2 protein chains.
Amino acid sequence: MDKSPLVLLDLVSRLGNLMRTEGRRVGQDEQLQSVHVEALVYLSKANRYSNTPQALAEYLGVTKGTASQSLLLLDRRGLIERYQDDLDRRVVRLRLAATGEQFLYDAQPQLAWQHATRNISPNRIRNAVSALRETLTTFQLDNEGTAFGECAGCQHFERLSARAYRCGLMGDRLSGPDTRKICWLYEEKGSGVGEGE
Amino acid sequence: MDKSPLVLLDLVSRLGNLMRTEGRRVGQDEQLQSVHVEALVYLSKANRYSNTPQALAEYLGVTKGTASQSLLLLDRRGLIERYQDDLDRRVVRLRLAATGEQFLYDAQPQLAWQHATRNISPNRIRNAVSALRETLTTFQLDNEGTAFGECAGCQHFERLSARAYRCGLMGDRLSGPDTRKICWLYEEKGSGVGEGE
DNA sequence: AATATTGATTTCGACTCGATACTACATTAA
DNA sequence: TTAATGTAGTATCGAGTCGAAATCAATATT
């Protein structure tokens, strides 16, 4: 019986905890908790379908009530802006305010991690990424969660021409940069996940 | 410029968050938060030098005050036992109570993760482990943290004979099972960490 | 038009967490 | 021996997290 999956779990949990601590450290000048920093980072990466409290809650793995609290705080501090969606007036859209952009630029929340991985070859990192990504996808499938991902690799992604793309699910055209943001409607191409042992 | 370290960070954070949620889920029958579950798991793996509030706090990445609170709760619930050290009466030693052992056995906090990793080959997992372990060690060195680890791979580990071992730092003899628990005095063999790019 | 569903917010209570202060014991220096 | 310093752990406080449940408003379904 192989114990290495448990060792991996241990490492992921510990690194996750450390990064949460790191997030707290990074945000303390602005009185932010690590969840708040994570939320800001998320908003800087979310595409136009995914900048809502709902998607954020799924991403962070908290309930929507909790997410609402955090967003309230970020709004009070002027780090984000909230505005209503035109088509569906229940939906609240979120956007980093200039202050929020500046904060991310100044605080560099990922710096410590980049340092910690500096001696690991790109290749080993990509291998680790692939293993963890598969773990995440499988876990999400097991638990009816949302996977999140970029257009490349998504079932609904269509290429219209050399530089024109389209989301088959939403029916919108997408720009190049659009396709590199993360989306909570993401669905893995080739629905089957496990190809067996 | 390679973005994959940041992708890895993202995956580790998200999986960390998910496992925290999972820990909460697992503990809800017993009214435990994920930190409590993590503490119990830690105590089930900690060796004789590492079963103290101090070591636990370092491991979980919280302050000793916070750790103290969590331990108080676990004690009230009868999941752990606390007793004084004979040599240094300031030191509190911790041990899983029978109820705590039973809880871990019943709740299987790692089950969801084991499922999520079921389709990943042992080899890929070991590669990911090695990359993350190096990340953790480097991070700890950067931040004067404690690395934790098993005797194999520790500077202070000495083999006396086929089945007799010794910790050079504490001067104690160790049994075989002892050497497979985790220790907060662990120091990586070959102190140099980064061999450059 | 009535009902169900959905996105978001509010409220509540238990708990986390860092900061600070404090107690008890241990080690060192005088 | 005593005094000063250091260390392990606990207590307390306040801001905030978090899930659960209730609520509200807008949209879908019937």
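In the text below, chain A, chain B and the rest are named by the order of the sequence lines, each starting its count at 1. All figures in this text were calculated on a predicted structure; none of them were measured in a lab.
One atom, CG of Leu87(A), and another, P of dT6(C), lie 19 Å apart when rounded to the nearest Å. Between Asp85(A) atom CG and dA8(C) atom C1' there is a gap of 13 Å when expressed in whole angstrom units. Summarising the geometry, the separation between CZ on Arg76(B) and C1' on dC15(C) is reported as 10 Å, rounded to the nearest angstrom. The nearest whole Å value for the distance from the NZ atom in Lys64(B) to the P atom in dT16(C) is 19 Å. Between Leu32(B) atom CG and dG19(D) atom P there is a gap of 16 Å when expressed in whole angstrom units. Leu72(B) places its CG atom 14 Å from the C1' atom of dA14(C), with the value rounded to the nearest Å. Nucleotide dG7(C) holds its P atom 11 Å from the CZ atom of Arg93(A), rounded to whole Å. The separation between Gln54(B) atom CD and dA8(D) atom P is 5 Å, rounded to whole Å.
Arg20(B) comes within 4.0 angstrom of sugar-phosphate atoms only, judged by non-hydrogen atoms across all strands, and of no base.
Residues Asp86(A) and Val35(A) both approach DNA chain D. Their nearest nucleotides, taken by heavy-atom distance, put Val35(A) toward the 5′ side. Along DNA chain D, the nucleotide closest to Arg90(B) and the one closest to Ala55(B) are compared, and the more 5′ of them pairs with Arg90(B). Place Asp88(A) and Thr66(A) on DNA chain C by their nearest nucleotides, and Asp88(A) ends up nearer the 5' end.
Using a 4.0 Å cut-off between charged nitrogen and carboxylate oxygen, Arg48(B) and Asp178(B) count as a salt-bridge pair. The pair Arg118(A)-Asp142(B) counts as a salt bridge, with a side-chain nitrogen and a carboxylate oxygen less than 4.0 angstrom apart. Using a cutoff of 4.0 Å between basic side-chain nitrogens and carboxylate oxygens, Arg90(A) and Asp85(A) are not scored as salt-bridged. Using a 4.0 Å cut-off between charged side-chain N and carboxylate O, Glu150(A) and Arg180(A) make no salt bridge. Taking a cutoff of 4.0 Å between a charged side-chain nitrogen and a carboxylate oxygen, Arg124(A) and Glu134(B) qualify as a salt bridge. Ion pairing of Asp10(B) with Lys45(A) is present here, as a side-chain N (NZ or NE/NH1/NH2) and a carboxylate O approach within less than 4.0 Å.
For Arg89(A), no side-chain nitrogen or oxygen approaches OP1 or OP2 of dT6(C) to under 4.0 Å. At the phosphate of dC15(C), OP1 or OP2 sits under 4.0 Å from a side-chain N or O atom of Arg77(B).
The nucleotide whose nearest atom lies closest to any side-chain atom of Gln69(A) is, among dA8(D), dT16(C), dT10(C), dT10(C). Nearest to the side chain of Arg24(B), among dT9(C), dC18(D), dT10(D), sits dC18(D). Here the side chain of Gln33(A) is nearest to one of dT10(D), dG16(D), dT11(C), namely dG16(D). Distance from the side chain of Arg82(A) is smallest for dT9(C) among the nucleotides dT9(C), dG9(D), dA20(D). The side chain of Leu73(B) sits closest to dC15(C) out of dA8(D), dC15(C), dT9(C). For Ser68(B), whose side chain is taken as the heavy atoms from C-beta onward, the closest listed nucleotide among dT10(C), dT16(C), dT10(D) is dT10(D). The Val62(B) side chain lies nearest to dG18(C) when the options are dG18(C), dT9(C), dG9(D).
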